[in-house]
Amino acid sequence: MNSITPQPIFTPKELEHNSKLREELFGLVASGDSILFVGSGLSMSVDYPSWDGLLLRLEGLAQRVNNQFTPDNKQRDSSPLDYANKLKDIFDKANEIGTY
C-alpha cells in the first residue's frame, strides 16, 4: 500500500499571519462592527487566492495524490464548480480528503 504524505499548503510564516488575521477578524465580529461581503474578491487583498488560483493549487495537490491526474484547463475555465467537485473526488478516492 502506497502512502502519500500530505504536503503543507502554507508556510509556517503564512500560517502565523493567517492566525493573526483570524483573531483580528473574530474580535471585529464580536464587537458588532463588521460587515459581510460575499463573492466580492476582498479576500484577495489579504493574500488568499482567487477562485482560479484556488483551483490551480488544488490541481497541484491532486497531481501529488494521483499521478494519473491531468489538469483540464477547458473545464476549469468553463465550469469551475464542477471542476472543483471533480478535484474533490480525486482526493476522496485517494483517501486524502483532508488534503483537499
Side-chain angles (χ1 to χ4, degrees):
M1 178 179 201
N2 291 346
S3 177
I4 297 175
T5 303
Q7 299 296 314
I9 296 173
F10 299 107
T11 66
K13 185 176 180 179
E14 289 171 326
L15 287 172
E16 181 180 335
H17 180 70
N18 286 346
S19 180
K20 180 181 177 203
L21 291 175
R22 184 179 60 232
E23 292 303 316
E24 289 176 11
L25 177 61
F26 288 166
L28 184 61
V29 170
S31 76
D33 292 330
S34 60
I35 298 173
L36 174 65
F37 289 90
V38 178
S40 62
L42 290 175
S43 60
M44 290 174 58
S45 67
V46 291
D47 295 326
Y48 283 99
S50 64
W51 180 234
D52 195 51
L54 175 61
L55 291 176
L56 290 170
R57 283 186 185 186
L58 289 172
E59 281 178 347
L61 291 170
Q63 288 176 310
R64 290 183 191 167
V65 301
N66 179 344
N67 62 5
Q68 301 295 313
F69 170 72
T70 302
D72 185 341
N73 298 337
K74 184 176 179 181
Q75 187 182 21
R76 182 181 357 99
D77 293 340
S78 66
S79 186
L81 186 54
D82 289 337
Y83 192 57
N85 284 325
K86 176 182 174 180
L87 292 168
K88 182 180 178 188
D89 288 343
I90 290 167
F91 290 97
D92 194 29
K93 287 177 185 172
N95 293 322
E96 292 284 344
I97 197 67
T99 303
Y100 177 84

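We count residues from 1, following the sequence as given. Note: hydrogens, waters and symmetry copies are ignored here, and every other heavy atom, side chains too, is used.
- When all heavy atoms of V65 and I90 are compared, the closest pair comes out as CG2-CG2, 4.1 Å.
- Of all heavy-atom pairs spanning L58 and L87, the tightest one is CB-CD1, 3.8 Å.
- Taking each heavy atom of T11 and E14 in turn, the nearest pair found is N-OE1, 2.8 Å.
- K93 has its side chain out of reach of N66: every pair of non-hydrogen atoms, C-beta onward, lies at least 4.5 Å apart.
- Screening residues 7-32 for ring-ring contact (aromatic ring centres under 6.0 Å, His included), with sequence neighbours left out, gives no hits.
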Exercise for the section: Determine, step by step, whether N18 and Y48 satisfy the side-chain contact (heavy atoms from CB on, under 4.5 Å) criterion, reporting the C-alpha distance in whole Å, the side-chain angles of both residues, the deciding distance to 0.1 Å, and the verdict. Expected result: CA-CA 10 Å; N18 286 346; Y48 283 99; 3.8 Å; yes

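- Remark: side-chain polar atoms of S19 are not paired, donor with acceptor, to backbone N or O of E16 under 3.5 angstrom.
- For the residue pair S79 and D82, the shortest heavy atom distance occurs at OG-OD2, 2.7 Å.
- In terms of hydrophobic clustering, with Ile, Leu, Val, Met, Phe, Trp and Tyr side chains grouped at heavy-atom distances under 4.5 Å, L15 and L25 are assigned to different clusters.
- Of the charged side-chain nitrogens involved, at least one lies within less than 4.0 Å of a carboxylate oxygen, so that R76 and E59 count as a salt-bridged pair.
- The ring-ring contact (aromatic ring centres under 6.0 Å, His included) analysis of residues 74-100, with sequence neighbours excluded, yields the pairs F91-Y100.
- Taking CG from D77 and CG from L55, the interatomic distance works out to 9.5 Å, rounded to the nearest 0.5 Å.
- When all heavy atoms of V29 and S34 are compared, the pair lying nearest together is CA-OG, 3.6 Å.
- Residue G53 comes nearest to P49 through the heavy atom pair C-CB, 3.9 Å, listed as atom of the first residue, atom of the second, then distance.
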